[in-house]
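Not measured: the values here are computed from a predicted model. Throughout, residue positions are numbered sequentially from 1 according to the sequence presented.
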Amino acid sequence: MAPEERITPSRENCVYTQCYCEENVWKLCEFIRTERTAPLEHVFVVFISNENRTVPLWKQKSGHGDQPVIWDYHVVLLQVDGPENSLIYDLDSVMSFPCSLKLYAAHALRSDRGIKPAYHRLLRVVPAESYLRNFASDRSHMRNPDGSWKMPPPLYPPIHTTECQMNLDDFINMDAAGWGSVYRLHHFLSRYASSSSSSSSPAALTSS
């Protein structure tokens, strides 16, 4: 991708804190809105998780060889400009930044076929504008029982709204009604990465 087409800073210039993917992606959305590098209606935040909070992803920086990393949840940015041009921005991936969704699907998401149901992925797709307006985290999920940090937090203040200090679970939880729409993996790829995706795209499990 040519530099003038990039909607985010280069990977090394992005705001990034290890193990705070939901905030890293919030900062990407904030950059896009502030710098007006792309229409926000073309940008989505994707939470990847399931009821067991055990989801495999390949091609992650913390992985070893071709072994997947099992996350409780992971968050990436999706830019949609037609099914042939959808891009994924994953700051924790060793793949290109951005990466075509088709390539990311083939190498990082792969398929739920052949893996145990407990590891099947669900994806909550939230419009970037909604995410910027509604997401809040006091980072309490990253504290140990004694109050110490599991991983050092970002240096900037916690993200919150005027009404809420913490609603991260509303985005991670794939059962509860929440912002955006929830898809099974193959439905997500059929909608956003298939050249045949159109008005016949599969319906989401939930939407709001």
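Trp71 is linked by a ring pair (Phe, Tyr, Trp, His ring centres under 6.0 Å) to His74, counting only residues two or more places apart in sequence or in another chain. Shown here are the salt bridge (Lys or Arg N to Asp or Glu O under 4.0 Å) partners of Glu30, two or more places apart in sequence or in another chain: Lys27. Residues forming a side chain to side chain contact (heavy atoms under 4.5 Å, CB included) with Asn50 (at least two apart in sequence, or on another chain): Asn52, Thr54, Val55. Residues satisfying the ring pair (Phe, Tyr, Trp, His ring centres under 6.0 Å) test with Tyr20, not counting sequence neighbours, are none. Qualifying side chain to side chain contact (heavy atoms under 4.5 Å, CB included) partners for Asp112, counting only residues two or more places apart in sequence or in other chains: Ile115, His120, Arg121, Leu185. Considering only residues two or more places apart in sequence or on other chains, Asp169 meets the salt bridge (Lys or Arg N to Asp or Glu O under 4.0 Å) condition with Arg53. The salt bridge (Lys or Arg N to Asp or Glu O under 4.0 Å) search around Glu23 returns Arg139, not counting sequence neighbours. Take Ser148 and apply the side chain to side chain contact (heavy atoms under 4.5 Å, CB included) test, not counting sequence neighbours, and it matches Asn144, Asp146. Partners of Arg113 according to the side chain to side chain contact (heavy atoms under 4.5 Å, CB included) rule, which considers only residues two or more places apart in sequence or in another chain, are Ser111.
For Pro152 against Thr17, the heavy-atom pair with the smallest separation is O-CG2, 3.6 Å. In plain terms, the two heavy atoms of Asp138 and Pro158 that are nearest each other are CA-CB, 4.3 Å. Shown here for Ser140 and Met166, the closest heavy-atom pair between the two residues is OG-CE, 3.9 Å.
Hydrophobic clustering (ILVMFWY, side-chain heavy atoms < 4.5 Å, transitive): Val25 and Leu40 are in one cluster. Residues Val125 and Val80 share a hydrophobic cluster, clusters being chains of Ile/Leu/Val/Met/Phe/Trp/Tyr side chains in contact below 4.5 Å. Hydrophobic clustering places Val15 together with Leu132 (ILVMFWY residues linked when any side-chain heavy atoms are closer than 4.5 Å, directly or through intermediates). Residues Met142 and Trp26 are members of separate hydrophobic clusters, defined by side-chain heavy-atom contacts under 4.5 angstrom among Ile, Leu, Val, Met, Phe, Trp and Tyr. By the rule that hydrophobic residues join a cluster once side-chain heavy atoms approach within less than 4.5 Å of another member, Trp58 and Val69 end up as members of separate clusters.
Taken from CG in Leu78 to CG in Leu87, the straight-line distance is 8.5 Å, to the nearest 0.5 Å. Here Leu28 contributes atom CG and Cys14 contributes atom SG; the two are 5.0 Å apart, rounded to the nearest 0.5 Å. Between Asn24 atom CG and Tyr16 atom OH the span is 6.5 Å, to the nearest 0.5 Å. To the nearest 0.5 Å, atom CE of residue Met174 and atom OG of residue Ser49 are 5.0 Å apart. Taking CG of Asp90 as the reference point, atom OG of Ser96 lies at 10.5 Å (rounded to 0.5 Å). The line from CD1 of Ile32 to CD of Glu129 is 11.5 Å long, rounded to the nearest 0.5 Å.
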field: Chi angles and distances behind the side-chain contact (heavy atoms from CB on, under 4.5 Å) call for Glu51, Asp175
entry: CA-CA 7 Å; Glu51 63 179 6; Asp175 292 327; 4.1 Å; yes
query: Where do Leu168 and Tyr73 land on the side-chain contact (heavy atoms from CB on, under 4.5 Å) test, with the steps shown first?
result: CA-CA 11 Å; Leu168 175 59; Tyr73 67 94; 3.6 Å; yes
task: Applying side-chain contact (heavy atoms from CB on, under 4.5 Å), run through Gln60 and Ser93 and close with a yes or a no.
output: CA-CA 4 Å; Gln60 299 286 286; Ser93 173; 4.0 Å; yes
task: For Phe47 and Leu122, run side-chain contact (heavy atoms from CB on, under 4.5 Å): C-alpha distance rounded to whole Å, both residues' side-chain angles, the deciding distance at 0.1 Å, then the answer.
output: CA-CA 8 Å; Phe47 277 75; Leu122 293 170; over 6 Å; no
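Residue pairs satisfying the salt bridge (Lys or Arg N to Asp or Glu O under 4.0 Å) criterion with at least one member in residues 34-49, sequence neighbours excluded, are absent. Note on residues 140-169: no pairs pass ring-ring contact (aromatic ring centres under 6.0 Å, His included), not counting sequence neighbours. Applying the salt bridge (Lys or Arg N to Asp or Glu O under 4.0 Å) test to pairs two or more places apart or on separate chains, those with a residue in residues 55-67 are Asp66-Arg110.
Considering only heavy atoms from C-beta on, Pro68 stays 4.5 Å or farther from Leu57 through its side chain. Residues Leu189 and Tyr183 form no side-chain contact, since every pair of their non-hydrogen atoms from C-beta on lies 4.5 Å or further apart. In this structure, Cys29 and Leu77 have side chains that are in contact, with non-hydrogen atoms separated by less than 4.5 Å. Taking 4.5 Å as the limit, every side-chain heavy atom of Leu123 sits out of range of all side-chain heavy atoms of Val182. No side-chain heavy atom of Arg143 sits less than 4.5 Å from a side-chain heavy atom of Lys150.
Ring planes of Tyr192 and Phe44: tilted class, angle from 30 to 60°.
Checking side-chain atoms of Arg124 against main-chain N and O of Phe171 turns up a donor-acceptor pair under 3.5 Å. Thr37 places no side-chain N or O within donor-acceptor distance of the main-chain N or O of Phe31, the cut-off being under 3.5 Å. Distance alone, capped at 3.5 Å, places no donor-acceptor pair between the Asn13 side chain and the Pro9 backbone. Within the 3.5 Å criterion, the main-chain N or O of Ala136 finds a donor-acceptor partner in the side chain of Asn167.
No option in Arg6, Gln79, Arg11 other than Gln79 meets the side chain to side chain donor-acceptor pair (under 3.5 Å) test with Tyr89.
For Tyr131 and Trp179, the distance between ring centers is not under 6.0 angstrom.
A donor and an acceptor atom, one from each side chain of Asp92 and Gln18, are nowhere located under 3.5 Å apart.
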